[in-house]
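Note that the structure is a prediction, hence the values are computed from the model and not measured. All values below come from the heavy atoms of this structure, side chains included, with hydrogens, waters and symmetry mates left out. Order of appearance sets the numbers: ligands from 1, and atoms from 1 within every ligand.
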Amino acid sequence: MKKRLEGKTVVLCVCGGIAAYKSVEVLRLLQKQGAEVRVIMTQGVQEFVGSLTFQALSGQPVFTSLFEKSDSAAMRHIDWAREADAVIVAPATANIIGKLANGIADDAMTTFMMAVRAPVLLCPSMNTHMYESRAVQRNIDILESDGCHVVEPGTGELACGETGAGRFPEPWIIVDRLLSFLTPKDFSGKKILVTAGPTQEPIDPVRFITNPSSGKMGFEIARMAEYRGAEVTLVSGPVTLYEPLNVTCIRTQTTHEMEQAVLSRFNGMDVVIKSAAVADYRVDNPSAHKIKKDSDQLVLTLVKNTDILKELGKAKTRQVLVGFAAETRDLVENAQKKVREKNLDMIVANIVGEKTSGFGIDTNIVKFLYKDGRREDLPSMLKEDVAMLLLDRVKELLPTAKRSGGQ
Ligand code: PMT
């Protein structure tokens, strides 16, 4: 797994609330991303979770009081504020939100928060009526205009028995939003459409023709583009992945559905990246009912689907158009042919069916081929790293950017 927080110090502020135990999972996920995590707890939260849990897991003393006896604790609120690369307040209670919005600094956490200059991610978590109260909403608005990034609470059944907004967000959502928040927004103002996953062509109501694409490659491109500030639309075939946050996701099944979803949105886009593994053929006249196994042979007639990418290549005006090429042999020759025939700006060529490249796995071995003949050969990389590098190259191809890159 790529560690996107390697070398970073994240201070996790845990406030008094029944959801505080979930902050332990946030801590673990931050560590998995390579972060050094330091924990500050309010007095109140220690009634819910002991500081020893956080101390043992973070491997650091937990900061709970301004008046600890040890010398090293004397200026800890200032030292930690200086050393923090990012701060997460989770759960953020109505009380801490009120104090932070109004400049109150009367304990370890609030004095630290007053001194900190690093980006702050706030995760409000409380009873629905408290969350929706004018005071809390007003204070959240103040903190947002002060530069804090607020993660919307989840909606559902709360510990108090009521149902509504106020749930502690899933820990992976908090970490994902931090990663997005910390990524420079060099695609801001750009609209990117990404396709992902396979398409399915029905044979009858219970059977279809498809391929092993998991959607991982395309979902990583969409996720990284969102991190970099793009307005992202993800048109996906049937996959079982979590939808990337803050991305418009459109689910399709057949090539025809994907074609309609993509072509109807093409005009408004700055960039289109087609990583979907689209079925080239569909069954002519699929059966309306389940086909019975009455005969020894079953002959299906397949008819050609529209080549969506080729249609985009014809319609292209200012858009940067990126295709993928999945090949089992003659990778470069076949990919070069696709660049020419589909009028692409670049193509990502990958050999499929290898141990560390292709369908279903987290890594890929790709080559970037450009329409001017340049080529970059890359080693086995995580798909999220391929996605980041691809976006770097796409940025260089955008009309306003100075052209360079490649080898
Ligand atoms: O989803 P994963 O499990 O992570 O796997 C990733 C991947 C292997 C699917 C991905 O890296 C990849 O190679 N995607 C392209 C697969 C493919 O369909 O390649 P192709 O060479 O058949 O098609 C060339 C290009 O034309 C592709 O951009 C494809 O989206 C597009 N195409 C193809 C046929 C068609 N009818 N319409 C299209 O738009």
Minimum-distance protein heavy atom relative to [atom]:
{"atom": "atom 18 (O) of ligand 1", "value": "Ala277 CA, 3.3 Å"}
{"atom": "atom 21 (O) of ligand 1", "value": "Lys338 NZ, 2.5 Å"}
{"atom": "atom 2 (P) of ligand 1", "value": "Ser214 OG, 3.4 Å"}
{"atom": "atom 35 (C) of ligand 1", "value": "Val278 CG1, 3.5 Å"}
{"atom": "atom 19 (O) of ligand 1", "value": "Ala326 N, 3.4 Å"}

Polar atom proximity, [X] to ligand 1 (N or O, under 3.5 Å):
{"X": "Ile308", "answer": "yes"}
{"X": "Met217", "answer": "yes"}
{"X": "Thr255", "answer": "no"}
{"X": "Gly197", "answer": "no"}
{"X": "Asn350", "answer": "yes"}

Which is closest to [atom] by heavy-atom distance: [options]?
{"atom": "atom 34 (C) of ligand 1", "options": "Ile351, Asp307, Asp280", "answer": "Asp280"}
{"atom": "atom 15 (C) of ligand 1", "options": "Phe324, Tyr281, Phe219", "answer": "Phe324"}
{"atom": "atom 29 (C) of ligand 1", "options": "Gly323, Gly313, Ala279, Ala276", "answer": "Ala276"}

Should [X] be listed as contacting ligand 1, given a heavy-atom distance under 4.0 Å as the test?
{"X": "Lys342", "value": "yes"}
{"X": "Met258", "value": "no"}
{"X": "Thr306", "value": "yes"}
{"X": "Gly360", "value": "yes"}

Note, Thr128 side chain near Leu158 side chain (heavy atom, < 4.5 Å):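 Yes; the side chains approach each other to less than 4.5 Å.
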
If you apply the rule salt bridge (charged side-chain N to carboxylate O under 4.0 Å, His left out), what do you find for Arg223 with Glu384, and how did you get there? CA-CA 8 Å; Arg223 190 163 71 95; Glu384 67 176 87; 3.5 Å; yes

Within the 4.0 Å heavy-atom shell around [X], which atoms of ligand 1 are there?
{"X": "Ser275", "result": "9 (C), 10 (C), 12 (C), 14 (N), 15 (C)"}
{"X": "Asn364", "result": "11 (O)"}
{"X": "Ala325", "result": "21 (O)"}
{"X": "Leu309", "result": "25 (C), 26 (O), 28 (O), 31 (C), 38 (C), 39 (O)"}
{"X": "Lys383", "result": "2 (P), 3 (O), 4 (O), 5 (O)"}

Derivation and outcome, salt bridge (charged side-chain N to carboxylate O under 4.0 Å, His left out), residues Arg393 and Glu376: CA-CA 11 Å; Arg393 300 298 180 255; Glu376 286 183 84; 2.7 Å; yes

Begin from the C-alpha positions of Asp385 and Arg4 and carry the test salt bridge (charged side-chain N to carboxylate O under 4.0 Å, His left out) through to its verdict. CA-CA 10 Å; Asp385 293 336; Arg4 305 211 87 86; 3.8 Å; yes

Of Lys190, Lys191, Arg177, the residue whose pairing with Glu226 passes salt bridge (Lys or Arg N to Asp or Glu O under 4.0 Å): Arg177

Kindly indicate whether a cation-pi arrangement holds for Arg374 with Tyr370, taking the cut-offs as under 6.0 Å to the six-membered ring centre and within 45° of the axis. yes

State whether Asp377 and Arg375 are salt-bridged, where the test is any N-O pair (Lys NZ or Arg NE/NH1/NH2 against Asp/Glu carboxylate O) under 4.0 Å. yes

Residue pair Phe208, Glu201: steps toward the side chain to side chain contact (heavy atoms under 4.5 Å, CB included) verdict: CA-CA 5 Å; Phe208 49 79; Glu201 301 298 346; 5.8 Å; no

Show, in sequence, the C-alpha distance, side-chain angles and deciding distance for Arg228 and Asp392, and conclude whether the salt bridge (charged side-chain N to carboxylate O under 4.0 Å, His left out) test is met. CA-CA 10 Å; Arg228 292 173 71 155; Asp392 288 346; 2.8 Å; yes

Using the test side chain to side chain contact (heavy atoms under 4.5 Å, CB included), find all partners of Asp296 that sit at least two apart in sequence or belong to another chain.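 Here no residue qualifies.
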
